[in-house]
Every structure is written in structure tokens, then in C-alpha cells.
Amino acid sequence: MYSQGLIGADSSTAETEEFLEAFQARVDREEKIEPNDPMPEGYRRTLVRQIGQHAHSEIVGMLPEGNWITRAPSLRRKIALLAKVQDEGGHGLYLYSAAETLGVSREQMTEELLSGKAKYSSIFNYPTPTWADIGAIGWLVDGAAIMNQIPLCRCSFGPYARAMIRVCKEESFHQRQGYEIMMTLARGSDEQKEMAQDALNRWWWPSLMMFGPSDSDSTNSDQSMKWKIKRFSNDELRQKFITATVPQAEYLGLTVPDPDLKWIEETGMYEHGEIDWAEFKAVVKGDGQMNRDRIRDRRKAWDDGAWVREAALAHAEKRANAAQAAREAAE
């Protein structure tokens, strides 16, 4: 999912060989790099791009699910979905805060998102026409996110790694919640099972695309892995996800929409069909079904919330001035 944040990343750096070797030695010793530590400019730029894309994805990811809060089939489902969407908003805040430690402001990151310079995960540019889509997002999308994010708990950059610990715990709950929705539908009426199968058909391939381009086309992954920002290649994570998820689909009595999928006994893994990379590239470039809607909604939310941000800043300034006045009076 967040390997997509490396698309177009600039990991070039101009520091001396001595500096780069000393930095790499710290990374190789598994020491956490903190915001005030010396770091290569390419390392900082890569992190700003990846963490920013990750934060944008959490916030934009609230939109397709938030669309179903008022239409959830029961009060129990409504409460659970509302809590999940709230969690995603919190994840975005953790990640924006982690990125800010690298010297980039939240305003700058948001402006880059709204202008199209910054991206978010391609998966959120698909529509959610049925309740089964909410189950599929929880099961497949959050499942793929967990596969990506657990290794990030060991990311070399301390603030990012620490933020991911709580995020992963909450995402695990979201994944179980989605799977439970799919299980209920799969064990329900014929129409409900058909709805579940339809959602699986539509979300399977986009979920595989979340891991980013194939390793042969992922030009920035090697440097990111050397710096231990990421720990596994795109194809490795995608394969882990398929191996874990196919048996779950079989348990539900659903069919993975890949006629070329087959189990390879020698490797203990599944061989899958060809991913439509043309679709992936089109969605990343802004030509997906919901790209324009997502950016429109984010822009509206940002503009509508301007008065809240201004009020919060004014309140913070007022408190700071009062505290300064109190210190001066005490002197």
C-alpha cells in the first residue's frame, strides 16, 4: 500500500561517502534514526513522501466507508463502522505528526495532495455501491494494509515505527470486523452470498495493486530497503497476502476471481494471474472511477475546516501570551 508512496520518489543524495557510510552503519546496527539526527537528504525526502502518502491514504480512506455510516444495516454495524472511520482519522493524525518531525508542515502536505503533487493509495479510488464493499474493504484492504504495515513497526525512522505500533493493533481489529461482515453475508441468503462474491470480485485485484509495482518496475525499493525504511519487496508482501487470504476466501465459500491461481507445493505459495498494471497506472495518475470525487471532497473538508484551524491557532497564541505574561509578572 505504502510502497506506492515510493513511485516517483527522489532518493538521490549528495553527502560525502564518509557520511553515508556512517549513517548506513547506524541503520545496519538497527539503531533508530530520530528527527534531530544527521541523515541523508534522500532519506529525509523518501520518508516525507512515503509518510505523507500514508497519512493522506488514511484520511481519504475515511470517505468510501463514511459513505455507509448512515446506511449500515443495524445499530451495531453503524457503531462499529463509525468507530473504524474515527480510528482512520486518528491514524492520519499520527502520521502527519511523524512527517512534521522531518520539517514539512501539515498545510504543505495537504496542499500537495489537493494540487495532485502528492498521492494517496490507489485503492480508495474505487466505489462502494453495496454493504458488502464495507466487508471487503475491512477484510482485503485492511488485510493488505496490515501486511504492509507490520514491517513498518521496525522502520529505521523512530517516529514512523512508533506510530505504526498502535496503527497495526487497530487495523487488525478492522480486518476482523470486515471478515465478520463477509462471513455473515456468505452464510446468509443466496442474494447476500452473491453480494459478497461480487464485492470480492471487484476488490481482489485492486487489493493486490496496493503493494505497488512489481519488483522489476519498482526503481526506488532497493534504496528504501537498504535504509530499512521498508523490509520486504513489493512482490514478497503481495505473495504473503495471497497465501494468507486465499484460504480465508475458501472458508467463506467464496471464489477468488483469478482463473490462473494455483497452489505450488514446492514453494508453499500460490501462483497468481497477471495484474492489470495499465489500470493501476491510470488510477495512480488520476483516472480512476473516484479520483476526482475524493479530491473534491477533501478540498471541501479542508476549506470548510479553515475556521476551526484558525480558532485553534488563535487560542494557542492566547494561552502562550498569557503564560508569558504570568512568567514576567512572577519575575
Side-chain angles (χ1 to χ4, degrees), residues 1-58 91-92 94-104 109 118-121 143-172 210-241 243-244:
M1 182 173 185
Y2 308 109
S3 295
Q4 292 182 19
L6 298 176
I7 298 173
D10 180 8
S11 60
S12 62
T13 195
E15 290 79 11
T16 65
E17 284 298 322
E18 182 181 11
F19 176 88
L20 293 174
E21 289 174 3
F23 179 80
Q24 190 62 50
R26 286 195 62 192
V27 171
D28 292 341
R29 290 195 299 269
E30 300 290 344
E31 294 181 16
K32 286 287 183 271
I33 308 301
E34 299 299 335
N36 292 328
D37 292 344
M39 65 182 71
E41 182 59 23
Y43 178 83
R44 190 193 73 83
R45 283 197 306 269
T46 299
L47 282 167
V48 167
R49 188 180 183 92
Q50 179 169 330
I51 299 173
Q53 189 253 25
H54 193 163
H56 297 326
S57 299
E58 296 286 356
H91 299 171
Y94 306 152
L95 293 164
Y96 282 131
S97 296
E100 285 176 315
T101 68
L102 292 162
V104 61
M109 286 185 282
K119 304 294 184 182
Y120 55 90
S121 180
I146 292 167
M147 202 65 70
N148 266 296
Q149 291 171 351
I150 287 178
L152 289 176
C153 294
R154 297 188 292 122
C155 171
S156 59
F157 185 57
Y160 195 17
R162 290 189 289 272
M164 293 314 303
I165 293 173
R166 178 168 179 175
V167 170
C168 286
K169 289 178 180 178
E170 292 178 349
E171 292 288 6
S172 295
M210 286 176 64
F211 296 94
S214 62
D215 292 346
S216 59
D217 296 323
S218 185
T219 56
N220 294 290
S221 284
D222 289 345
Q223 182 61 70
S224 185
M225 291 179 69
K226 182 178 180 181
W227 281 331
K228 299 189 178 181
I229 295 172
K230 59 185 292 185
R231 298 281 179 155
F232 299 98
S233 74
N234 298 353
D235 287 338
E236 286 177 320
L237 290 171
R238 190 170 10 252
Q239 192 62 60
K240 286 175 178 284
F241 173 74
T243 300

Using side-chain heavy atoms (C-beta onward) and a distance below 4.5 Å, is [X] in contact with [Y]?
| X | Y | result |
| --- | --- | --- |
| L102 | I51 | yes |
| Q24 | V27 | yes |
| I229 | S156 | yes |
| M210 | F241 | no |
| F23 | P38 | no |

>> Over 60° means perpendicular and under 30° means parallel, so tell me whether Y94 and H91 are parallel, tilted or perpendicular.
In response: tilted
> Between Y43 and W227, what is the ring plane arrangement, given parallel below 30°, perpendicular above 60°, and tilted in between?
Replying inline: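 Perpendicular: the ring planes of Y43 and W227 meet at over 60°.
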[atom1] of [X] to [atom2] of [Y]: how many Å apart, nearest 0.5 Å?
| X | Y | atom1 | atom2 | result |
| --- | --- | --- | --- | --- |
| K226 | D28 | NZ | CG | 8.5 Å |
| N148 | M164 | CG | CE | 9.0 Å |
| L95 | M109 | CG | CE | 9.5 Å |
| F19 | M39 | CZ | CE | 8.5 Å |
| L237 | R231 | CG | CZ | 12.5 Å |
| E21 | R26 | CD | CZ | 15.5 Å |

>> Apply salt bridge (charged side-chain N to carboxylate O under 4.0 Å, His left out) to residues R162 and E34 and explain how you reach the verdict.
In response: CA-CA 11 Å; R162 290 189 289 272; E34 299 299 335; 2.9 Å; yes
Taking every non-hydrogen atom, the tightest pair across [X] and [Y]:
| X | Y | result |
| --- | --- | --- |
| A244 | M147 | CB-CE, 4.2 Å |
| G158 | K32 | CA-CD, 3.8 Å |
| A99 | V104 | O-CG1, 3.3 Å |
| C155 | A161 | O-CB, 3.6 Å |
| P151 | I146 | CD-O, 4.4 Å |

> Passes side chain to side chain contact (heavy atoms under 4.5 Å, CB included), E31 versus D37? Steps please.
Replying inline: CA-CA 11 Å; E31 294 181 16; D37 292 344; over 6 Å; no
> Under the 3.5 angstrom rule, does the side chain of T101 hit a backbone N or O of A98 as a donor-acceptor pair?
Replying inline: yes
> Quick one: does K119's side chain have a donor or acceptor within less than 3.5 Å of a partner on S57's backbone?
Replying inline: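 Not a single qualifying donor-acceptor pair exists.
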> How would you list, by chain and number, every residue that makes a ring pair (Phe, Tyr, Trp, His ring centres under 6.0 Å) with Y96, sequence neighbours excluded?
Replying inline: H56
>> Under the criterion side chain to side chain contact (heavy atoms under 4.5 Å, CB included), I'd like the reasoning laid out for E58 against E171: C-alpha separation, chi angles, the key distance, then a yes or no.
In response: CA-CA 11 Å; E58 296 286 356; E171 292 288 6; 3.6 Å; yes
> Between F211 and D235, is a side chain to side chain contact (heavy atoms under 4.5 Å, CB included) present by the stated rule, with each step listed?
Replying inline: CA-CA 7 Å; F211 296 94; D235 287 338; over 6 Å; no
>> Walk me through whether E30 and K228 qualify under side chain to side chain contact (heavy atoms under 4.5 Å, CB included).
In response: CA-CA 9 Å; E30 300 290 344; K228 299 189 178 181; 2.9 Å; yes
